[in-house]
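Notes follow once the structure below has been shown.
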There are 2 protein chains.
Amino acid sequence: MKKTTKEQILEVSLLLFSEKGYDAVRVKEIADVVGIKAPSIYKHFKSKQDIFNAILEESNRRYALQTASFNMEGLDPKMDVGLFETITDEHMLEMGEALFNHFLHDEFTSKIRKLFTIEQFKNQELANLYVMQYMDSPLQYQRMMFELLIKKGLMRKGDPEIMAMQFFSPIFLLLVQCDANADKEMESLEKLKRHIIEFNRIYRS
Amino acid sequence: MKKTTKEQILEVSLLLFSEKGYDAVRVKEIADVVGIKAPSIYKHFKSKQDIFNAILEESNRRYALQTASFNMEGLDPKMDVGLFETITDEHMLEMGEALFNHFLHDEFTSKIRKLFTIEQFKNQELANLYVMQYMDSPLQYQRMMFELLIKKGLMRKGDPEIMAMQFFSPIFLLLVQCDANADKEMESLEKLKRHIIEFNRIYRS
DNA sequence: GTCTATAGACGGATAGAC
DNA sequence: GTCTATCCGTCTATAGAC
């Protein structure tokens with residue numbers, strides 16, 4: 001099924017906003033890429049700000065869906081933990097790389113993260129969403145997982161909050177580096193592997 | 001000695017650019033804060049872009065000075081290592097908190113970091129400077145330090161590059177969180193301490 | 001729902017007096 | 001080196017034909 005003009009406008013706008021920032025993007029630019037004239041945009045959105053708001057709503061919608069699924073199926077840490085009775089390097093590598101690749105390559109996620117990165121200081125609501133979605137949420141998820149792994153005796157006793165931070169923050173730093181310089185991806189993936197193997201060696205019991 | 005108008009323009013511009021981004025700041029806004037009329041700006045800078053360039057030059061100047069001093073005095077990792085024959089939690093906490101506080105509270109550094117954060121995707125040069133100054137440089141410094149500490153037998157043998165990443169990336173993540181939400185500073189400092197104590201426990205021999 | 005034409009406002013920058 | 005006055009280009013958004 002073909003994309004509607006409205007969907008195309010949202011898609012193009014997200015791309016441009018995430019690369020140049022809201023203020024630097026012209027309505028004419030969006031229209032040019034979509035292949036229509038600028039005034040036609042206003043048949044679909046009442047203002048440029050309205051486009052931005054729609055993107056934000058879509059982001060919140062997806063985030064809510066994602067966290068809802070955390071408590072029901074597939075992505076619950078209890079389930080993830082249940083998948084392995086022993087922790088091997090392979091398990092951990094898979095989890096870390098999956099997280100890394102999702103954040104880096106998922107069409108929507110990667111653009112929205114860039115958008116939040118460059119628009120976060122405009123208002124506190126944006127800043128809070130940014131921290132919530134790209135730091136606090138993964139940290140909380142992983143904390144729960146490490147808690148369970150410790151309870152099961154698969155990992156050494158320790159502070160699960162700090163363990164989560166020590167596991168996740170290198171992933172976050174490497175993501176920021178790759179966002180800034182896409183050429184670093186291979187190098188970053190290799191460092192990510194070394195980090196996870198080392199982390200596993202340290203905390204696995 | 002009083003600040004010249006030119007210096008004031010640069011100072012105010014850095015503040016505004018770092019909060020709202022280059023495109024969202026009006027020349028009139030800068031002039032208002034400085035306390036002059038907008039056209040007077042152009043007696044000091046030939047364009048708005050020229051102000052931005054001057055800020056960038058100042059940033060590069062300071063960065064060059066800083067890295068030059070790494071190889072001569074005070075801040076050489078060889079010297080830092082020489083300061084302690086044993087590694088205590090206190091040594092490590094001091095180093096971590098010093099790094100954290102410098103990045104977070106140094107007038108110029110904290111604003112320039114925010115500016116790089118929100119302008120990085122405008123061109124590759126900015127992105128490279130951002131990664132260099134706020135990630136690669138501290139990582140490289142700490143890698144050298146851990147190499148020396150391992151050689152001295154004060155730390156367990158390991159991959160110094162990964163150790164540096166595991167030590168520094170939580171600091172980086174906490175900084176990003178504090179930039180987005182200044183209220184998190186206390187909480188972040190407390191997490192930083194727990195991280196460093198745990199890191200020290202893991203790698204100290 | 002797309003177009004052309006254009007309103008209306010604003011922003012960067014210049015001219016020239018003091 | 002500051003001001004006032006103003007130009008000129010650009011941008012968001014609307015009006016109205018098709």
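Every chain is numbered from 1, with letters handed out A, B, ... down the list of sequences. Computed over heavy atoms, backbone and side chain alike; hydrogens, waters and symmetry mates excluded.
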Self-check item: Partner residues of A/D23 under the salt bridge (Lys or Arg N to Asp or Glu O under 4.0 Å) criterion, sequence neighbours left out
Solution: A/K122

Self-check item: Pair listing, side chain to side chain donor-acceptor pair (under 3.5 Å) test, anchored in residues 96-105 of chain A, at least two apart
Solution: A/H105-A/E185

Quiz prompt | Residues in side chain to side chain donor-acceptor pair (under 3.5 Å) contact with B/T117, at least two apart in sequence or another chain | solution = none

Quiz item: Of all nucleotides in DNA chain D with an atom under 4.0 Å from a non-hydrogen atom of chain A, which is the first and which the last going 5' to 3'?
Solution: D/dC11 to D/dT14

Quiz item: With sequence neighbours left out, what residues match A/Y63 under side-chain contact (heavy atoms from CB on, under 4.5 Å)?
Solution: A/Q66, A/T67, A/M132, A/Q133, A/S137

Self-check item: Which residues share a side-chain contact (heavy atoms from CB on, under 4.5 Å) with B/K46, sequence neighbours left out
Solution: B/D50

Holding to ring pair (Phe, Tyr, Trp, His ring centres under 6.0 Å), I want the full list of residues that pass it with [X], two or more places apart in sequence or in another chain.
X: A/Y203; answer: A/F199
X: B/Y134; answer: B/F103
X: A/Y22; answer: A/F17, A/F52

For residues 8-16 of chain A, please give each side-chain donor-acceptor pair under 3.5 Å, one per line with the distance, not counting sequence neighbours.
| unit_1 | atom_1 | unit_2 | atom_2 | d |
| --- | --- | --- | --- | --- |
| A/E11 | OE1 | A/K3 | NZ | 3.3 |
| A/S13 | OG | A/I9 | O | 2.7 |

Quiz prompt | Within residues 13-21 of chain A, residues whose heavy atoms come under 4.0 Å of DNA chain C | solution = none

Interface polar pairs with nucleotides 10-13 of chain C, N/O, under 3.5 angstrom:
| unit_1 | atom_1 | unit_2 | atom_2 | d |
| --- | --- | --- | --- | --- |
| C/dG12 | OP1 | B/K48 | NZ | 3.3 |
| C/dG12 | OP2 | B/V27 | N | 3.0 |
| C/dA13 | OP2 | B/Y42 | OH | 2.9 |
| C/dA13 | OP2 | B/K48 | N | 2.9 |

Quiz item: Are any non-hydrogen side-chain atoms of A/Q124 and A/N128 less than 4.5 angstrom apart?
Solution: yes

